[in-house]
Amino acid sequence: MNFLIEKLKEKNELSYEELEHLFKGYLENKVTDEEMTKVLKTICKYGLSENEVFSLVDIFIKSGDVLEENPDFIDKHSTGGVGDKTTLIVLPILASLGVKIAKMSGKALGYTGGTIDKLNSIGVKTDLTKEEFYTCLEDVGMVISSQTDNLCPLDKKVYALRDVTGTTNSVPLIAISIMSKKIASGASKILLDVKIGKGALVDNLKDARYLANLMIKIGKKYNREVVCMLTEMDNPLGSNIGNSIEVLEVIDILKNNKQNNLTYLCKEMAALMLSMSKGYSKEEAMAQVEDAITNGKAYDKFCEFVYHQGGNLEINLPDCEYILAKRYGYLNEIDSRKIGTISMNLGAGRKEKDDEIDYNAGIILKVEPGDDIKEGDILAKLYGKNKIDEDDVYDAFNISLFKKKQNDIILEIIK
Ligand code: URA
């Protein structure tokens, strides 16, 4: 063990067999949590070569069931952020346009949200059997389920350890984790949203580009088309952060009642996936996406999906507390990491793996970056049983006399 860790430190490439000995050994409980923590920390510090990354992707994929590559199957994945409910908006748009889409999603941990918790908050059943999974896909044209225990079990075990050992933000480990799951689940075309900024695992453009290119290279090895969007995550995505609270924003956007950074990103994502899937030009794809929203078909598809998987859309939020502006100025930024942490502390997320979530807890932001703020304006509404220090919330709003230029949320697209 120590010999292999020394090799990693010296950047002396580990063979497939050596990596298998470590990681398969961990899955089989022959390598302890303490030993694997040392391995992960060494990887975080010293990185991995491309060959080592490719070997580990293969070892992760082969740790469980592998679905055959399906040429019609398109998938999406985000590296995780605050207020990211894109899956719940993009999938119904695509399904309403005849693109069948099946997705396995994860739960929230730390200050980033999880699609599964958002769905469970409105009673949607996500622990589907194989038969239920395919019936939903056939009947509705879309399905979202939690990741099964036998798809990349090695990622499940390693990710849980990364989460509690401060080793989540290693670029090679993120690439291995995401790509092994996407390849094992059979998608032939994959859209990846690589988030950059305060509320993301990657906080700079250089690392984000490296991560995107690495995932594209892994995709090529398995003959999968991978497109990466690099998107900003200094500010929360959209205005609602929580679980059922986020579903309310999904409904607003699908009903064409709300235009914000989330609406823009979801339309761009859906158009890109539609062109990847059907070969349409970007303009043609965008026109179809706009139509699906304005003619109500995307919203109808969302309702059909929710009801088919046993959910309901009656969301009643409890009383809230208001956060008011103490000064005038321009709102230059809403710190997404702080907002994510406050939402988690309100009860919307888990501090520990097995914590219970308060599904109606969270935050609704009433202002957007770039807004002109007056003293006394409502900045946010807070929901949840846990008490939060109002000053901590106020601190997340960067209000200044100097106006900062707001960047496009989509920084780059890499193919
Ligand atoms: N999402 C994943 O599935 N894995 C990571 O390591 C990071 C984000």
Side-chain angles (χ1 to χ4, degrees), residues 1-66 77 79-80 104 106-107 109-110 112 147-185 194 200-204 206-208 210-215 217-219 221-222 350-355:
M1 169 67 56
N2 285 341
F3 163 70
L4 295 180
I5 292 179
E6 280 313 310
K7 267 187 98 175
L8 276 172
K9 281 187 184 163
E10 286 160 14
K11 291 191 171 281
N12 190 353
E13 200 164 275
L14 266 63
S15 67
Y16 188 98
E17 289 70 29
E18 286 172 324
L19 288 164
E20 192 173 39
H21 174 76
L22 282 178
F23 282 82
K24 210 167 155 224
Y26 181 55
L27 186 62
E28 291 166 354
N29 299 321
K30 291 178 193 150
V31 170
T32 64
D33 278 349
E34 289 70 35
E35 288 169 326
M36 185 46 71
T37 303
K38 275 193 201 151
V39 171
L40 296 174
K41 289 200 165 162
T42 309
I43 293 176
C44 274
K45 192 155 175 205
Y46 297 93
L48 287 172
S49 71
E50 261 180 33
N51 282 336
E52 288 168 325
V53 168
F54 295 148
S55 299
L56 279 175
V57 170
D58 202 63
I59 294 163
F60 273 52
I61 293 173
K62 289 183 179 152
S63 70
D65 292 347
V66 184
H77 197 90
T79 56
M104 290 188 200
K107 289 195 169 201
L109 214 50
T112 65
Q147 198 183 311
T148 59
D149 283 341
N150 30 4
L151 188 105
C152 285
L154 183 50
D155 176 61
K156 215 171 184 174
K157 189 161 179 190
V158 171
Y159 193 82
L161 186 66
R162 282 170 62 207
D163 200 67
V164 291
T165 53
T167 53
T168 46
N169 54 3
S170 145
V171 168
L173 290 178
I174 298 171
I176 294 162
S177 163
I178 293 179
M179 289 308 291
S180 57
K181 281 181 294 212
K182 296 292 106 179
I183 290 162
S185 56
V194 178
L201 294 180
V202 176
D203 63 7
N204 64 83
K206 185 167 161 266
D207 283 353
Y210 173 54
L211 174 58
N213 284 309
L214 190 55
M215 293 196 288
K217 276 191 194 161
I218 298 169
K221 271 211 157 265
Y222 291 84
R350 298 180 186 83
K351 287 184 196 154
E352 304 286 339
K353 233 166 57 184
D354 298 320
D355 281 356

Can you measure from [atom1] ([X]) to [atom2] ([Y]) and round to the nearest 0.5 angstrom?
X: Leu211; Y: Leu201; atom1: CG; atom2: CG; value: 9.0 Å
X: Leu154; Y: Phe23; atom1: CG; atom2: CZ; value: 7.0 Å
X: Tyr26; Y: Leu22; atom1: OH; atom2: CG; value: 12.5 Å
X: Ile218; Y: Asn213; atom1: CD1; atom2: CG; value: 11.0 Å
X: Leu27; Y: Ile59; atom1: CG; atom2: CD1; value: 11.5 Å
X: Leu8; Y: Leu48; atom1: CG; atom2: CG; value: 6.5 Å

| field | Partners meeting salt bridge (charged side-chain N to carboxylate O under 4.0 Å, His left out) with Lys221 (sequence neighbours left out) | value | none

| said: Apply side chain to side chain donor-acceptor pair (under 3.5 Å) to residues Asn51 and Tyr16 and explain how you reach the verdict. | reply: CA-CA 9 Å; Asn51 282 336; Tyr16 188 98; over 6 Å; no

| field | CA sep, side-chain torsions, deciding dist, call: Asn29, Lys157, side chain to side chain donor-acceptor pair (under 3.5 Å) | value | CA-CA 11 Å; Asn29 299 321; Lys157 189 161 179 190; 2.7 Å; yes

| query | Knowing that exactly one of Val57, Ile183, Thr79 qualifies, which makes a side chain to side chain contact (heavy atoms under 4.5 Å, CB included) with Ile178? | reply | Thr79

If I compare all heavy atoms of [X] with all of [Y], which pair ends up nearest, and what's the gap?
X: Ala184; Y: Cys152; value: CB-SG, 4.0 Å
X: Arg162; Y: Leu40; value: CG-CD1, 3.8 Å
X: Val39; Y: Met1; value: CG2-SD, 4.2 Å
X: Leu19; Y: Ser55; value: CD1-CB, 3.8 Å
X: Pro172; Y: Val53; value: CB-CG2, 3.9 Å
X: Asp65; Y: Leu151; value: O-CD1, 4.1 Å

Are [X] and [Y] packed together at the side-chain level, in the sense that at least one heavy-atom pair is separated by less than 4.5 angstrom?
X: Asn12; Y: Glu6; answer: no
X: Val158; Y: Ser177; answer: no
X: Met104; Y: Lys181; answer: no

| said: Quiz question: by atom type and distance under 3.5 Å, do the side chains of Asp155 and Ser180 form a donor-acceptor pair? | reply: no

| Within the side chain of Glu52, is there an N or O that forms a donor-acceptor pair under 3.5 Å with the backbone of Ser49? | yes

| Backbone N/O of Thr167 and side chain of Ser170: donor-acceptor pair under 3.5 Å | no

| request: Kindly indicate, with the supporting measurements, whether the criterion side-chain contact (heavy atoms from CB on, under 4.5 Å) is fulfilled by Met179 and Phe60. | output: CA-CA 9 Å; Met179 289 308 291; Phe60 273 52; over 6 Å; no

| Salt bridge or not for Glu18 and Lys7, using N-O below 4.0 Å? | yes

| task | Please list all pairs passing the side chain to side chain donor-acceptor pair (under 3.5 Å) test where one or both residues lie in residues 35-47, with sequence neighbours left out. | result | Thr32-Glu35

| Please walk me through it: do Asp163 and Thr168 pass side chain to side chain donor-acceptor pair (under 3.5 Å)? | CA-CA 6 Å; Asp163 200 67; Thr168 46; 5.4 Å; no

| Criterion side chain to side chain donor-acceptor pair (under 3.5 Å) on Tyr222 and Asp58, from CA distance to verdict | CA-CA 10 Å; Tyr222 291 84; Asp58 202 63; 3.0 Å; yes

